[in-house]
Amino acid sequence: MIKYDAMTGREFSKFVFVDNEDENEGIFSRLKYLHSSEIWDESHFIALDNNKVVGNLAIQLSPYNKAELWLKHVTVDQEYQNQGIATNLAEMLFKYLELRPELYLLRSSPSEMGTKYFSGIMHRLIIAYPHIKVVTPQRKY
Amino acid sequence: MSDKIIESYADRIKKVAAAIMVANPDGITKSSLETVAKEINVTGNLKVLELRQIRSSGGGYEVSMAGRDFIKDLAKHVVFKKKTKVKKQAEIDAENLAALKDAVGAFVEPKE
């Protein structure tokens, strides 16, 4: 059964690389978009199968604008895809934004995968949570 | 001078004194004087008393004792806002984590 939790970057690092190292071996190949150099600056909503991290959604408070929250990435282990994990993680993000009304969400420009799998989820959540401000960066051509 | 002009000067002087205190609350340094100069430029080419006491000297500035006292006196008339307490990163993280955990708690997985 998938369980969910949230951690700061420091906690997440400790959880994955110290406390549950064996379960999370090879995490960077399983969770595409998770980058070791950025973990510490991010906060993470995570999906867990026992102590194995099978999905995560990373956010980061902008260092330039204290009202801005960056959605860094969403990534789910290929073996656990199509179970609604990304949807659940994204909904937690919106719950978080409800608790922090001073923040607005800045989406990152979606990759091809993001457009294919995640844009629909975001679209549904934006409609379900109309009071949450979400900003999508404009594409520059 | 009319009361209105005096009032206007008083406001400007307060700004100058505030600028000094912000730049250097413990004393007067070159950088605080530069801040003053900037403030004066912003508020208009103001030749108020305090500038007569401050003169350029070589690469730096000199302030006469009378000028120093004058500026300190000015500062006494300025009401300063209390400094906002700067939160430490640990406090920010703790607050953030609490909201993250609450968000997980508030989430109810839809039943099939």
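Numbered from 1 within each chain, the chains take letters A, B, ... in sequence-line order. Computed from a predicted model, the values in this text were never measured in an experiment.
- Partners of B/Ala98 according to the side chain to side chain contact (heavy atoms under 4.5 Å, CB included) rule, which considers only residues two or more places apart in sequence or in another chain, do not exist here.
- Here the NZ atom belonging to B/Lys101 is positioned 15.5 Å from the OH atom belonging to A/Tyr4, to the nearest 0.5 angstrom.
- If you chain together hydrophobic residues whose side chains sit under 4.5 Å apart, B/Phe107 and A/Val74 fall into the same group.
- Residues from residues 63-73 of chain A never place a non-hydrogen atom less than 4.5 Å from a non-hydrogen atom of chain B.
- Under a cut-off of 6.0 angstrom, the local environment of NE2 in A/His123 is sparse, with at most 12 non-hydrogen atoms contributed by other residues, nucleotides or ligands.
- Cluster annotation: A/Leu61 is not connected to A/Ile46 through the hydrophobic network of ILVMFWY side chains, with a link wherever side-chain heavy atoms come within less than 4.5 Å.
- Residues A/Ile132 and A/Phe118 fall within the same hydrophobic cluster, defined by Ile, Leu, Val, Met, Phe, Trp and Tyr side chains chained together at heavy-atom separations under 4.5 Å.
- Atoms CG and CG, from B/Asn96 and A/Leu103 in turn, are 8.5 Å apart once rounded to the nearest 0.5 Å.
- Contact detail for A/Ala6 and B/Leu100: the closest heavy-atom pair is CB-CB, 3.5 Å.
- In terms of the ring-ring contact (aromatic ring centres under 6.0 Å, His included) criterion, residue partners of A/Phe12 (sequence neighbours excluded) are, by chain and number, A/His44.
- Residues A/Ile2 and A/Val16 are members of separate hydrophobic clusters, defined by side-chain heavy-atom contacts under 4.5 angstrom among Ile, Leu, Val, Met, Phe, Trp and Tyr.
- More than 12 heavy atoms of other residues, nucleotides or ligands sit less than 6.0 Å from atom CD of A/Glu23.
- The same ILVMFWY cluster, assembled from side-chain heavy atoms under 4.5 Å apart, contains both A/Leu57 and A/Leu125.
- At a heavy-atom separation below 4.5 angstrom, chain B is approached by A/Asn88, A/Glu91, A/Met92, A/Lys95, A/Tyr96, A/Leu99, A/Arg100 within residues 79-101 of chain A.
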